[in-house]
Amino acid sequence: MTNPVFSIAFYDAHPYDRDAFTSANKNFLYNIDFFDFHLDERTALTSKGYKVVCTFVNDTLSSHVISILSECGVELIAMRCAGYNNVDLKAAAEHNITVVRVPAYSPHSVAEHAAALLLSLTRRIPQAYLRTKTGNFTLNGLTGRDLYGLTAGILGTGRIGRIMADILAGFGMKIVLSDAYPDRGWADSKGYRYLEKDDFFRQSDIVSLHCPLTPETEHIINADTLSVMKRDAVIINTGRGALIDTHALVAALKKKRIGGAALDVYEEEGDYFFSDWSVNVIKDDVLIRLLTFPNVIITGHQAFLTSNALSAIAETTLGNIRAFMKQEPLANEVK
């Protein structure tokens, strides 16, 4: 019988999660109970009897939820993602619950998806695909734009942002950068330039968001920054939904103050992403409005979804749990 110390309550489980973690678990032999529902105030009591809960970006780990987890005996929150803005870290510390995460898995998966979104948007691939599926091979309205010679603005120059910069440089784009902690040695070696924020937004034909969500970066794309951008500039967001003030983006799109947007994340995605709403009423008017624009592409937070990334996420998450159980140093602890 499996030792209950090593039992893990796994929330918001999807088939690809089960496959990746079941495969990786052959090296750990933990008892993983996969739950297809989110962790929130209504479901937190299901953690009773588990020392570890494994959660994702759309689970709710508020002060109230963490209090319930503590009462149920939970000692570790293992986030199987890089982001942790949905975790009340102060409450976790007060209840002596450790939080770990996966700081990096496959940065190429996210950067490559961002590049795919950019090409799909600027070359109108979704519209062309839908036309040819119905036998319509006309080209009217499908005129695209060369990326060669344009200026790509990379906002956030961590691992993903750097890979995206190199991908777009490969298209012959000029690369400008913005980051609160610039790495000028790396930039100089590549021939890229860091700019002050206003110049960054003014010069960029494409703005690709790869920074973490912090109080300083929340709504970094807002009415003011949109007003200084080129009228045909496009925004790519595979970072965090709240990097963009979505109401301001909708207003700019309606007034044709921006060329378009491709989003893999959305500010209020928690109620909808990772679920099938095709036969239900979506009540989020802003999300519905975004879906009506011909120059907007939305994918459902899938940039991370490659076999490589899923394997790395599973291995790192289970490794974090093993280190905690063995009272070893936690390289990926969030404090």
Side-chain angles (χ1 to χ4, degrees), residues 107-108 110-123 144-214 216-246 248-249 251-253 256-265 267 295-299 303:
H108 292 276
V110 179
E112 289 172 9
H113 189 75
L117 287 174
L118 173 59
L119 288 168
S120 297
L121 182 65
T122 56
R123 297 309 300 267
R145 189 181 185 192
D146 288 0
L147 296 180
Y148 179 85
L150 296 182
T151 298
I154 308 298
L155 205 165
T157 53
R159 293 180 67 190
I160 297 170
R162 294 184 187 197
I163 293 168
M164 183 63 167
D166 288 343
I167 290 172
L168 298 186
F171 284 111
M173 301 188 74
K174 302 169 187 174
I175 307 298
V176 297
L177 312 166
S178 178
D179 197 301
Y181 303 97
D183 185 342
R184 299 193 185 279
W186 164 77
D188 291 343
S189 72
K190 295 285 188 173
Y192 307 155
R193 293 182 299 136
Y194 281 98
L195 298 178
E196 295 299 322
K197 189 170 76 169
D198 284 350
D199 286 338
F200 173 85
F201 285 111
R202 285 195 181 95
Q203 293 188 29
S204 298
D205 296 291
I206 291 138
V207 172
S208 194
L209 306 179
H210 302 286
C211 54
L213 179 62
T214 66
E216 292 74 30
T217 62
E218 183 174 4
H219 288 181
I220 196 166
I221 302 295
N222 52 51
D224 291 337
T225 52
L226 287 164
S227 69
V228 301
M229 291 177 65
K230 299 177 181 180
R231 296 186 73 91
D232 56 358
V234 298
I235 298 168
I236 312 296
N237 189 9
T238 54
R240 292 288 178 267
L243 296 174
I244 298 177
D245 180 340
T246 316
L249 176 61
L253 289 163
K256 298 184 179 181
R257 278 287 308 128
I258 193 77
L263 316 173
D264 186 56
V265 287
E267 192 169 7
N295 55 342
V296 171
I297 296 175
I298 298 177
T299 54

(request) List the steps, then state whether side-chain contact (heavy atoms from CB on, under 4.5 Å) holds for K190 with I175. (result) CA-CA 9 Å; K190 295 285 188 173; I175 307 298; over 6 Å; no
(message) If I take atom CG from residue N222 and atom CG from residue L249, how far apart are they, to the nearest 0.5 angstrom?
(response) 11.0 Å
(message) Atom NE2 of residue position H219 - does it have more than 12 heavy atoms of other residues, nucleotides or ligands inside 6.0 Å?
(response) yes
(request) Check the pair T151 / K174 against side-chain contact (heavy atoms from CB on, under 4.5 Å), numbers first and verdict last. (result) CA-CA 5 Å; T151 298; K174 302 169 187 174; 4.0 Å; yes
(request) Would you indicate whether the side-chain heavy atoms of C211 and L243 approach each other to under 4.5 Å? (result) yes
(request) Answer whether the closest heavy-atom distance between the side chains of I154 and L168 falls below 4.5 Å. (result) yes
(request) Compare every heavy atom of L147 with every heavy atom of M173, then report the nearest pair and how far apart it is. (result) CG-O, 3.3 Å
(message) Is any side-chain heavy atom of F171 closer than 4.5 Å to one of D146?
(response) no
(request) Indicate the atoms forming the closest heavy-atom contact of G241 with V265, along with that distance. (result) N-CG2, 3.5 Å
(message) Tell me the closest heavy-atom pair linking P212 and T217, and the distance in Å.
(response) O-OG1, 2.7 Å
(request) Enter the distance from Y181:OH to T157:OG1 here, rounded to the nearest 0.5 Å. (result) 12.0 Å
(request) Just jot down the side chain to side chain donor-acceptor pair (under 3.5 Å) partners of S208, sequence neighbours excluded, or say none. (result) H210
(message) Within this structure, what is the CZ-CG distance for the pair R162 and D183, rounded to the nearest 0.5 Å?
(response) 4.5 Å
(message) Going by the rule side-chain contact (heavy atoms from CB on, under 4.5 Å), which residues pair with Q203 if we only count those two or more places apart in sequence or in a different chain?
(response) V176, R193, L195, D199
(request) State the CD1-CD1 distance between I258 and I235, to the nearest 0.5 angstrom. (result) 4.5 Å
(request) Can you run down the side-chain hydrogen bond (donor to acceptor under 3.5 Å, both in side chains) pairs that involve residues 226-235, sequence neighbours left out, and say none if there aren't any? (result) R145-D232, D205-K230
(message) Test of understanding: with ring-ring contact (aromatic ring centres under 6.0 Å, His included), list the residues that count as partners of Y192, not counting sequence neighbours.
(response) W186
(request) Report yes if some heavy atom in the side chain of T246 is under 4.5 Å from a heavy atom in the side chain of L263; otherwise report no. (result) no
Which pairs would a plain distance check flag for residues 111-123, meaning a side-chain donor or acceptor within less than 3.5 Å of a matching protein atom at least two apart in sequence or in another chain?
from	atom 1	to	atom 2	distance (Å)
H113	NE2	T299	OG1	3.2
S120	OG	A116	O	2.8
T122	OG1	L118	O	2.9

(message) I need the minimum non-hydrogen distance between L226 and A248, along with the two atoms involved.
(response) CD1-O, 3.5 Å
(request) Can you measure from CG (N237) to CD (E267) and round to the nearest 0.5 angstrom? (result) 10.5 Å
(request) Write down the atom of S178, the atom of Y194, and the distance for their closest heavy-atom approach. (result) N-CD2, 4.1 Å
(request) Could you name each residue pair satisfying salt bridge (Lys or Arg N to Asp or Glu O under 4.0 Å) that touches residues 256-265, not counting sequence neighbours? (result) none
(request) Calculate, to the nearest 0.5 Å, the distance between atoms CD1 and CG belonging to I236 and L155 respectively. (result) 13.0 Å
(message) Which heavy atom of S204 sits nearest to which heavy atom of G153, and what is that distance?
(response) OG-CA, 3.4 Å
